[in-house]
Amino acid sequence: LGWRDITNATNERTVIAAVIPRVGVGNKFLLMLPKLAQSASMLLALMDSIAFDFCARQKLGGTDLAYSTMKQLPVLPPDIFGRPCPWSPGETLADWVRPRVLELTYTAWDLEPFARDLGYQGPPFHYDPERRFQLRCELDAAFFLLYLGTPEEWEREATPELKLLFPTPRDAVAYILDQFPIVRRRDEERYGRYRTKETILTIYDDMLRRMSGHGYLHPTPTSP
């Protein structure tokens with residue numbers, strides 16, 4: 001598991017992380033070495049989320065996303081993924097995230113060992129851009145909820161200054177998505193609208209509705 005060192009806060013995306021086969025790499029692909037594939041899949045989903053990317057943009061001062069910078073970025077604690085998934089009763093957050101990471105990652109046979117470590121015995125997934133877009137938007141919506149909390153948590157814990165700018169966490173999500181102008185421009189050129197933002201917000205709203213319906217708007221932390 002690693003990420004591209006050369007980047008910029010003005011690029012389409014700042015953090016570009018990936019799982020790769022066990023091969024030698026140059027010093028512009030920086031490695032981290034999780035002991036378990038399960039942990040790597042959670043970390044990969046987090047690092048490639050727009051929420052994490054936005055944080056990286058605030059910290060990056062040049063064109064190198066070095067180890068020293070990456071170590072300062074806000075990574076969610078691993079035990080979070082062992083908690084019940086608020087919008088999908090009956091599974092943990094890890095259960096919900098893992099198959100999406102697997103499908104996005106395992107598109108070639110050279111990553112078969114990673115797929116097998118995640119418990120998948122089938123062939124690589126077909127590379128379907130529309131399907132991948134949907135999966136990525138689902139993960140982005142999920143990580144916005146995990147990073148920003150529910151509306152109730154926002155009301156209780158956000159500072160008055162923050163709530164003045166963003167009355168709800170959804171307002172903050174919309175603002176963050178507007179800070180990716182290249183993504184927006186390419187969407188508008190192709191679809192005539194900012195499709196990425198619209199899709200993520202639609203999924204985000206649906207997740208909140210599901211959480212409300214199942215009484216999960218005030219989640220109680222549990223052990224993995």
Side-chain angles (χ1 to χ4, degrees), residues 1 3-4 6-19 41-60 63 65 70 73-76 80-81 85-88 93 96-107 125-151 154 162 165-212:
L1 172 63
W3 68 95
R4 193 178 71 177
I6 299 299
T7 187
N8 199 298
T10 59
N11 287 354
E12 179 174 356
R13 293 295 294 268
T14 300
V15 181
I16 300 176
V19 168
S41 64
M42 301 301 110
L43 194 52
L44 178 61
L46 183 152
M47 291 172 66
D48 279 333
S49 70
I50 289 179
F52 186 77
D53 203 295
F54 177 75
C55 297
R57 290 182 175 217
Q58 313 315 306
K59 196 70 178 175
L60 196 68
T63 58
L65 185 54
M70 184 63 78
L73 298 181
V75 174
L76 298 172
I80 281 182
F81 297 100
C85 182
W87 55 86
S88 183
L93 281 165
W96 187 89
V97 170
R98 188 182 307 111
R100 288 164 173 81
V101 174
L102 172 66
E103 186 171 342
L104 288 167
T105 304
Y106 186 34
T107 58
F125 292 89
H126 175 65
Y127 194 97
D128 181 341
E130 286 302 311
R131 170 70 175 168
R132 293 175 64 81
F133 173 77
Q134 181 67 26
L135 293 174
R136 289 172 61 186
C137 287
E138 290 175 2
L139 288 168
D140 280 323
F143 279 101
F144 275 127
L145 277 168
L146 294 175
Y147 270 99
L148 299 176
T150 65
W154 186 268
L162 191 59
L165 293 170
F166 309 111
T168 70
R170 190 186 192 279
D171 296 315
V173 173
Y175 170 81
I176 290 170
L177 289 167
D178 283 338
Q179 306 314 301
F180 291 79
I182 300 177
V183 178
R184 178 173 190 160
R185 185 179 72 243
R186 290 181 175 176
D187 270 6
E188 291 176 344
E189 289 173 351
R190 177 171 291 185
Y191 306 105
R193 57 193 175 88
Y194 192 179
R195 186 177 73 142
T196 300
K197 178 181 179 180
E198 291 177 5
T199 305
I200 291 173
L201 287 175
T202 298
I203 296 170
Y204 176 90
D205 291 338
D206 182 59
M207 287 177 170
L208 280 179
R209 281 193 293 270
R210 289 191 231 169
M211 291 165 66
S212 178

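Keep in mind the model is a prediction, meaning the values are calculated, not measured.
With rounding to the nearest 0.5 angstrom, the CZ atom of F143 is 13.0 Å from the CG atom of D53. Remark: M207 CE to W87 CH2 distance equals 5.0 Å, nearest 0.5 Å. Going from atom CZ of F52 over to atom CE of M70 covers 5.0 Å, rounded to the nearest 0.5 Å. Interatomic distance, CG of L65 versus NZ of K59, reported as 12.0 Å (0.5 Å rounding). Interatomic distance, H126 NE2 to T107 OG1, rounded to the nearest 0.5 Å: 10.5 Å. Between the CZ atom of R100 and the CG atom of L104 there is a distance of 9.5 Å, given to the nearest 0.5 Å.
When side chains are defined from C-beta on, F81 does not count as touching R98, because their heavy atoms never get closer than 4.5 Å. Taking 4.5 Å as the limit, some side-chain heavy atom of P86 sits within range of a side-chain heavy atom of L93. Between I203 and Q134, the closest side-chain pair of non-hydrogen atoms falls below 4.5 Å. Looking at L177 and F144, their side chains come closer than 4.5 Å, going by heavy atoms from C-beta outward. For the pair L44 and W3, the minimum side-chain heavy-atom distance is 4.5 Å or more.
For CZ of R136, the number of neighbouring non-hydrogen atoms (other residues, nucleotides, ligands) closer than 6.0 Å is 12 at most. In the displayed structure, R131 atom CZ is contacted under 6.0 Å by at most 12 heavy atoms of other residues, nucleotides or ligands.
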Fill in: L145/M211 under side-chain contact (heavy atoms from CB on, under 4.5 Å): CA gap, chis, key distance, verdict
CA-CA 11 Å; L145 277 168; M211 291 165 66; 4.0 Å; yes
Fill in: Residues R209, D205; criterion salt bridge (charged side-chain N to carboxylate O under 4.0 Å, His left out); working and verdict
CA-CA 6 Å; R209 281 193 293 270; D205 291 338; 5.3 Å; no
Worksheet entry | From CA spacing to verdict: side-chain contact (heavy atoms from CB on, under 4.5 Å), Y175, Q179 | CA-CA 7 Å; Y175 170 81; Q179 306 314 301; 3.3 Å; yes
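F125 and Y106 have perpendicular rings, their planes meeting at more than 60° on a 0 to 90° scale where under 30° would count as parallel.
A cation-pi arrangement is found for R195 relative to F133, the charged atom lying closer than 6.0 Å to the ring centre and inside a 45° cone about the ring normal.
D140 contributes a side-chain N or O that, together with a main-chain N or O of I50, makes up a donor-acceptor pair within less than 3.5 Å.
Considering N11, T7, T14 as possible partners of R57, the one that fulfils the side chain to side chain donor-acceptor pair (under 3.5 Å) test is T14.
Remark: D187 engages T196 in a side chain to side chain donor-acceptor pair (under 3.5 Å) (not counting sequence neighbours).
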